[in-house]
Structure formats: structure tokens, C-alpha cells
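Notes for the one structure printed next.
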Amino acid sequence: MINLNELVLTGMLTYGAWALGLATLVSAIGVPLPATMLLLAAGAFTRQGVLGWQSAVVIAICGAVLGDSGSYLVARFGGVVILRRVQNTSIWNQSQTAFERWGGVAIFLSRFLLTPFALPINLLAGSTRYSLWHYLTLVVAGETLWVIAFGGMGYVFADRWEAVSSLLGDLTGVVVGLVLLVVGGGYLLRSYRNKLSSVHAGE
């Protein structure tokens with residue numbers, strides 16, 4: 001079986017920033033590639049003179065934004081049949097209301113901090129018809145921060161970027177776990193309060 005990670009790393013050495021841009025694009029669409037690790041590697045390669053940092057930054061950002069936009073547009077224009085079935089349900093209405101309130105923060109943070117949530121948030125943004133221009137503004141800002149921050153780390157720690165990648169992967173897992181814990185706890189607390197309100201209303 002072909003190791004996609006090694007394939008992309010070899011591609012960067014052979015084809016330069018275009019391989020990195022392709023990797024960020026397909027990763028944003030949903031292909032399981034460790035794009036953050038590849039950015040760290042790209043940063044190390046720029047320090048070694050293998051990649052030009054200007055082209056690497058621009059092409060990586062463009063690839064990520066195109067991938068994000070693709071999944072957003074698929075959900076916005078391709079999910080009409082699904083929306084007809086769920087858009088009048090209470091769960092859907094609650095999700096839409098929550099996304100209208102917190103969607104901007106979720107879109108921005110999922111570009112560089114909560115990256116495992118990026119694809120689901122893209123799909124939710126598209127299916128709830130979140131403003132395209134607002135979405136793109138947040139995506140470009142978040143992806144730019146992601147590329148510069150992690151590419152910069154790879155540049156600074158060029159001789160040990162793999163160890164840094166492993167450490168960041170562990171930290172991301174911890175952050176995602178905490179977010180799920182907080183969200184789950186908030187949901188349970190809200191359900192408990194709603195039940196108490198129902199009991200008091202019935203007295």
C-alpha cells in the first residue's frame with residue numbers, strides 16, 4: 001500500500017510547492033492527509049533551500065481555501081434533497097440557530113486550532129447557507145494563520161520537525177477532547193435545565 005505521507009513529501013522534493021498545494025486542497029476536501037505535518041515539513045524544506053517560502057505560502061493557502069470552498073459549495077448546492085427532509089425538524093432549527101450565533105468563531109478556529117472539525121463545519125456552513133463572503137473571509141484569515149504558524153515552526157525547528165509534529169498531534173488530540181467534553185457537558189446541562197423547567201411548569 002502506498003504511504004500517502006511519504007508520497008507527498010517526495011512530491012514536494014520533486015515538484016516543489018505545487019505538491020504542497022495539492023495536499024492542502026485534498027486534505028480540506030476530506031482526504032485523510034496530515035496537512036499540518038506536511039506544513040512543518042515544508043517549513044523545514046524552505047530552510048534547507050528546497051522550497052521557496054513565498055510560493056509555498058501562497059500555494060498552500062490557495063489549496064486549502066479551494067478545498068474548503070469546495071466542500072462548502074457541495075453542501076450548499078448539493079444537499080437540497082436532504083435539507084427538504086430535515087429543515088423543519090427541531091434539531092435542525094437548533095443547529096441552524098447555534099451556527100448563526102457561533103459559526104464565525106467555529107469556522108475561524110477550525111482552520112488552525114480545531115482542524116479535525118474543519119470538514120464538518122464546512123458542510124454545516126454550506127447546508128445552513130451561511131454567508132459565502134463572510135465564510136471566505138474567515139477561511140482565508142484562518143488558513144493564512146495556519147500556513148504561516150506551522151510552516152514557520154517547521155522553519156525554526158527544521159532539524160527536528162518530525163518530533164514537533166508528533167507533539168502537536170498529541171496537543172491537538174487533547175484540545176479536541178476538551179472541546180467535546182465542554183460541548184457535551186453544556187448539552188447535558190441544558191437538557192437538565194429544560195427538564196426542570198418542564199417539571200416546574202407542570203406544578
Side-chain angles (χ1 to χ4, degrees), residues 1-78 107-123 125-126 132-133 135-173 175-176:
M1 182 177 179
I2 298 175
N3 187 314
L4 289 178
N5 301 345
E6 293 181 2
L7 185 63
V8 176
L9 290 173
T10 302
M12 281 195 284
L13 295 174
T14 306
Y15 301 105
W18 293 108
L20 175 63
L22 179 61
T24 58
L25 188 154
V26 299
S27 175
I29 292 174
V31 176
L33 278 177
T36 297
M37 181 272 284
L38 297 173
L39 279 177
L40 288 165
F45 292 163
T46 60
R47 183 166 181 176
Q48 296 164 7
V50 176
L51 294 177
W53 73 266
Q54 297 95 332
S55 60
V57 167
V58 172
I59 293 174
I61 292 171
C62 288
V65 171
L66 285 174
D68 288 332
S69 301
S71 53
Y72 168 92
L73 293 172
V74 165
R76 178 159 185 160
F77 297 107
I107 291 168
F108 182 67
L109 291 181
S110 63
R111 299 313 102 180
F112 61 93
L113 181 61
L114 304 173
T115 52
F117 297 119
L119 180 60
I121 287 173
N122 291 345
L123 298 175
L132 175 60
W133 299 115
Y135 170 83
L136 285 176
T137 299
L138 293 166
V139 164
V140 171
E143 296 293 15
T144 299
L145 179 58
W146 175 61
V147 170
I148 292 176
F150 290 101
M153 277 191 235
Y155 184 90
V156 172
F157 301 104
D159 57 340
R160 50 189 182 278
W161 66 267
E162 291 177 284
V164 173
S165 175
S166 178
L167 176 61
L168 289 175
D170 293 339
L171 288 175
T172 299
V175 172
V176 169

Side-chain donor-acceptor pairs under 3.5 Å in residues 30-40, sequence neighbours left out?
unit_1, atom_1, unit_2, atom_2, d
Thr36, OG1, Trp146, NE1, 3.1

Would you compute the distance between atom [atom1] of [X] and atom [atom2] of [Y] and round it to the nearest 0.5 angstrom?
| X | Y | atom1 | atom2 | answer |
| --- | --- | --- | --- | --- |
| Ile61 | Leu66 | CD1 | CG | 12.0 Å |
| Thr46 | Gln54 | OG1 | CD | 9.5 Å |
| Leu25 | Leu20 | CG | CG | 11.0 Å |
| Ile29 | Asp68 | CD1 | CG | 9.5 Å |
| Arg47 | Asp159 | CZ | CG | 7.0 Å |
| Trp53 | Ile148 | CH2 | CD1 | 8.0 Å |

If I compare all heavy atoms of [X] with all of [Y], which pair ends up nearest, and what's the gap?
| X | Y | answer |
| --- | --- | --- |
| Ala56 | Ala17 | CA-CB, 3.7 Å |
| Ala125 | Ile107 | CB-CD1, 4.3 Å |
| Ala28 | Ala64 | CB-O, 3.6 Å |

TODO: Could you tell me which residues satisfy side-chain hydrogen bond (donor to acceptor under 3.5 Å, both in side chains) with Tyr135, sequence neighbours excluded, listed by chain and number?
DONE: Asn122

- [ ] Under the side-chain hydrogen bond (donor to acceptor under 3.5 Å, both in side chains) rule, collect the residues that match up with Ser69, sequence neighbours excluded.
- [x] none

Any non-hydrogen side-chain atom of [X] less than 4.5 Å from a side-chain atom of [Y]?
| X | Y | value |
| --- | --- | --- |
| Phe117 | Leu109 | no |
| Leu132 | Arg76 | yes |
| Arg111 | Val65 | no |

TODO: Go through the steps for Met12 and Val50 under the test side chain to side chain contact (heavy atoms under 4.5 Å, CB included), then give the verdict.
DONE: CA-CA 8 Å; Met12 281 195 284; Val50 176; over 6 Å; no

Task: Stepwise side chain to side chain contact (heavy atoms under 4.5 Å, CB included) test for Phe108 and Leu145 - done: CA-CA 10 Å; Phe108 182 67; Leu145 179 58; 4.2 Å; yes

- [ ] Output yes when a side-chain donor or acceptor of Ser71 lies under 3.5 Å from a complementary backbone atom of Leu119, and no otherwise.
- [x] no

- [ ] Examine distances only and state if a side-chain atom of Thr115 and a backbone atom of Phe112 form a donor-acceptor pair shorter than 3.5 Å.
- [x] no

